[in-house]
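First up is the structure itself, then whatever we jot down about it.
Counting starts at 1 for both ligands and their atoms, in listed order. Model, not experiment: these values are computed from the prediction.
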Amino acid sequence: MTQDPHGTDPRRQVPRTDTLLADLRLAGAGERLGRGLVKDAVQRVQQRVRAGEVAPDAAVDAVLAELPATASSLRPVLNATGVIVHTNLGRAPLSAAAVEAITAAAGTTDVELDLTTGRRGPRGAAAIAALLEAVPAAEAAIVVNNCASALALVATALGQGRELVLARGELVEIGDGFRIPELLEATGARLREVGTTNRVTVDDYRGALGPETGAVLKVHPSNFVVRGFTRAVEVAELAGALGGVPLVADVGSGLLRPHPLLPEEPDLQTTLAAGADLVLASGDKLLGGPQAGLVLGRADLVQRLRRHPLYRALRVDKTTLAALEATLRGPLPPVQQMLAADVDGLRARARALADRLSGAGVDAVAVDADSRVGGGGAPEHPLPGAAVSLPASFAEPLRRGARPVVGYLEDDRTLLNLRSVPSAADAELAAAVLEVARRWT
Ligand SMILES: *Cc1c(COP(=O)(O)O)cnc(C)c1O
């Protein structure tokens, strides 16, 4: 760049903040995004003008280019990791129906008002009704902030100052330092561990029951399996042996019914039908909905949880209730579609993308690549699929692009796994790769 490309020293022509903010387009952006965000962008551009990087009369366009798309800094990301439910990427992507429902409920809404009578109505009744229809073995249900909240509420309401009986092999860490036994103990419940790491029997459970027992808890180990000389007690076997002590099963993944592709994953309907008194699950894992903790089961126990003072601290907001209902009643959410995507279709998408990219001179090939459910679901169950393989150097610029794409490195190549990318986003994915190729090669 020449020293003074516009004939005069740009440093003396830096447009004033007031002048820029008064520009109609920037004033409009200020109304939409907030003046603070626009002012920050103005200041960054003024510095670039001062440095001679931006012409003074191009300052407004430069500010517009700097502005974020929304007033939140969270950006939409294309998840090409092959992990369908990726906790670092916000877990389940919501269905269009759920997004619409959130938008509709975002303003003032009848979440707790019966519009027919004008009186107060039960909060979230429609979402609960949808849950109960989907899981007929449940008599009642409540929704809280997440599955950890559901565990905390159950442990407090049934176990505080009492004992929760739990197998040693189920004292698990779910992820990012979240250890279930620590959460349970934080509520003031005492843990009564039974069995060994690899084996537990009905007699172990029976021997631990006493007047101090608040509940028996079964936790799905989610992200690991014990193999070899093992023995676990199934819900059906345990349910008949507890003499009226509540049996609570944390299934985690949120499958409502058995899923043919995930035969080992527990589901809410089967677990309740087998005799669990309460089941707990996440809303944003395999169910494919918003972050939520679902508690379903016996009406008297659900009522006890609802009446507990802690419930009020854990309840969900109107947008969560709207998204949950729409996930349950609406078309198959993206998580379920991605799970069901067949290998041939994924291979065809990978080939089409690779052809398009290599036609534009990018070193891209279609390869077979396994993907995973994620979110602790089916750790032993890789899903066959396909990816676009690119040079390793693409990974970082793809992540940092205008439309961030997160893939992964394998054998010194960047893989963009297509199972976790909605097929409608393939064109965007190609555009993001082409943009990186244009700017970096
Ligand atoms: C994921 C998981 C949890 C935690 O669920 P959140 O909704 O993230 O709070 C608890 N228990 C099990 C078995 C899980 O798999």
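The N/O atoms of Arg91, backbone and side chain alike, include one that comes under 3.5 Å of an N/O atom in ligand 1. Checking only distances, Asp284 never comes within under 3.5 Å of ligand 1, N or O to N or O. For ligand 1, the polar-atom distance check finds no N/O of Phe178 at less than 3.5 Å from any of the ligand's N/O atoms. For ligand 1, one of its N or O atoms has an N or O atom of Asp250 under 3.5 Å away. Not one N or O of His220 is nearer than 3.5 Å to an N or O of ligand 1, by distance alone. The shortest N or O to N or O distance between Ala148 and ligand 1 is below 3.5 Å.
The shortest side-chain heavy-atom distance between Arg192 and Glu212 does not fall under the 4.5 Å cut-off.
Side chain of Arg419 to main chain of Leu339: a donor-acceptor pair is present (N/O by atom type, distance under 3.5 Å, no hydrogens or angles).
In this structure Asp203 satisfies the side-chain contact (heavy atoms from CB on, under 4.5 Å) test together with Thr201, Arg206, sequence neighbours excluded.
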Worksheet item: Can Arg399 and Glu396 be said to form a salt bridge (charged side-chain N to carboxylate O under 4.0 Å, His left out), step by step?
Response: CA-CA 5 Å; Arg399 224 167 44 236; Glu396 190 195 331; 5.1 Å; no

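Distances below 4.0 Å separate heavy atoms of Ile180 from the following atoms of ligand 1: 11 (N).
The heavy-atom pair separating Ser420 from Ile84 by the smallest distance is CB-CA, 4.3 Å. Considering all non-hydrogen atoms of both residues, Leu332 and Gln337 come closest at O-NE2, 2.9 Å.
Which of Lys285, Gln291, Lys218 comes nearest to atom 14 (C) of ligand 1 through a heavy atom is settled by distance: it is Lys285.
A heavy-atom separation below 4.0 Å is not found between Leu280 and ligand 1.
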Which donor-acceptor pairs under 3.5 Å do the side chains of residues 146-156 make with protein atoms, sequence neighbours left out?
| from | atom 1 | to | atom 2 | distance (Å) |
| --- | --- | --- | --- | --- |
| Asn146 | OD1 | Ala148 | N | 3.4 |
| Asn146 | OD1 | Ser149 | N | 2.8 |
| Asn146 | OD1 | Ser149 | OG | 2.8 |
| Thr156 | OG1 | Ala152 | O | 2.6 |

